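Keep in mind the model is a prediction, meaning the values are calculated, not measured. Counting starts at 1 for both ligands and their atoms, in listed order. Both backbone and side-chain heavy atoms feed into the values below; hydrogens, waters and symmetry mates do not.
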Amino acid sequence: MTDRWVLDQSAIPSAWFNIAPSLPEPLKPPLHPATGEPAGPEDLAPLFPMALIEQEMTPQEWIDIPGEVLDVLRIWRPTPLVRATRLEAALGTPAKIFFKDESVSPAGSHKPNTAVPQAFYNKAEGIPRLSTETGAGQWGSALSFAGSQYDLEVQVYMVAVSYKQKPYRRVLMETWGGSVVPSPSDLTDVGKAVLAENPDHPGSLGLAISEAIEDAVKREDTHYSLGSVLNHVILHQTVIGLEAKDQLRLAGIESPDVVIGACGGGSNLGGISLPFAKDRIEGADVRLLAVEPESCPTLTQGRYEYDFGDVAGMTPKLEMYTLGHDFVPPPIHAGGLRYHGDSPIISNLVKNGLMEAVAYPQGKVFEAAVQFARTEGLVPAPETSHAVRAAIDEALDAKEKGEERVILFNYSGHGLLDLSAYDDYLNGRLSD
Ligand SMILES: *Cc1c(COP(=O)(O)O)cnc(C)c1O
């Protein structure tokens, strides 16, 4: 029996899919942080190359992927679509569970799908250096890898507590040539001010973003790069869903019944689900499901309003679900899901009833992760395990109702650099 669909290298999508023109309620523009007026391209130019600013705002449905980007994506794309037959058997479900395996990239997650084009467009506009933030290190490692491909310097501000507790991703970033400092750092005014008050500050993602932005604004040779949330980032991730559609067709599936992704800022979820969101808007019977941690419940409990993306209020304000830009989530293991806001596109879909959201506590998430590891063999990242949990619950619900439901979820990354989290779970040290 075939349970794995692998496309030829030539079948990587040649264009990214933009959902913006199909949204029933149009996206609202970002607002300038100081004036509160809509931010134009010139306001974003100190941070991003013009090509990405255009992608951020474009009404075009398809954006061609440059050949130089495809050349690098080909290192690991197309990624496999796998049917989780062993998990299905263990659950005794009539449901069919498919997952798209984004863990096969060099950095072990979906994040290089956007790190590569972001590095490319900056290089093409003559920018030799990028600054960014990273929590657990997944985004920093993806951008460091991309920087190595286009010969760009990458400066990473890594949340201090992760810098101390998770040395391996730092080593990965440095192996690819990235420079990593713990945030708060003394490289920026924001960092210095925080350190003056508390030299042992554990840092946060919002604070690290403030430092990376300050770095980029102060230096002519440097742009800023963000790993999630923004429209152009979500756009780059749509290769996931576009490939999955082709692969499902090869597997004889016209349309899945439900498409699931873990949601931190919304990029891997958007990547797998947006091509299906278009079908849904046009009347197809496909459900889209965002999965978040109960301890950082942006979509299930946040407010829908304009908010800053960082702690210091330096980013443009975006209309999105938010827990407030000063919200400090508890230190759960799924570091990539600890963000106060969410992609405006994902937020828009949820608000308009086109996407559902569910939140899980950490213990239930790891229980699913271990069940997945012991059936399918793969050890998922703690973030990814949220999607695994939801896929299992969908399959159990289908069993109860006797439905042959087709479930597609995004396997956003592997957990082989997160084994201390598994150690905590297996030894009863995990808090919910
Ligand atoms: C970063 C990350 C996430 C969460 O980020 P999104 O932008 O919401 O996709 C999920 N899974 C993995 C493996 C990640 O590295």
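Gly265 and Asp342 make their closest contact through C-OD1, 3.4 Å (heavy atoms, listed as atom of the first residue, atom of the second, distance). Nearest heavy-atom pair across Val291 and His386 is CG1-O, 3.2 Å.
Counting heavy atoms from C-beta on, the side chains of Ile240 and Asn410 come closer than 4.5 Å.
Between His325 and Phe308, a ring centre-to-centre spacing shorter than 6.0 Å is recorded. Between Phe276 and Phe17, a ring centre-to-centre spacing not shorter than 6.0 Å is recorded.
Residues satisfying the salt bridge (Lys or Arg N to Asp or Glu O under 4.0 Å) test with Arg374, not counting sequence neighbours, are none.
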In a simple table, one pair per line, please give the protein and ligand 1 atom names for every N or O pair closer than 3.5 Å, along with the distance.
residue, atom, partner, partner atom, Å
ligand 1, 7 (O), Ser228, OG, 2.5
ligand 1, 7 (O), Ser267, N, 3.0
ligand 1, 7 (O), Ser267, OG, 2.7
ligand 1, 8 (O), Gly264, N, 2.7
ligand 1, 8 (O), Gly265, N, 3.0
ligand 1, 8 (O), Gly266, N, 2.9
ligand 1, 9 (O), His110, NE2, 3.1
ligand 1, 9 (O), Ser267, OG, 3.2
ligand 1, 9 (O), Asn268, N, 2.8
ligand 1, 9 (O), Asn268, ND2, 2.7
ligand 1, 11 (N), Ser412, OG, 2.7
ligand 1, 15 (O), Lys111, NZ, 2.5
ligand 1, 15 (O), Gln138, NE2, 3.3

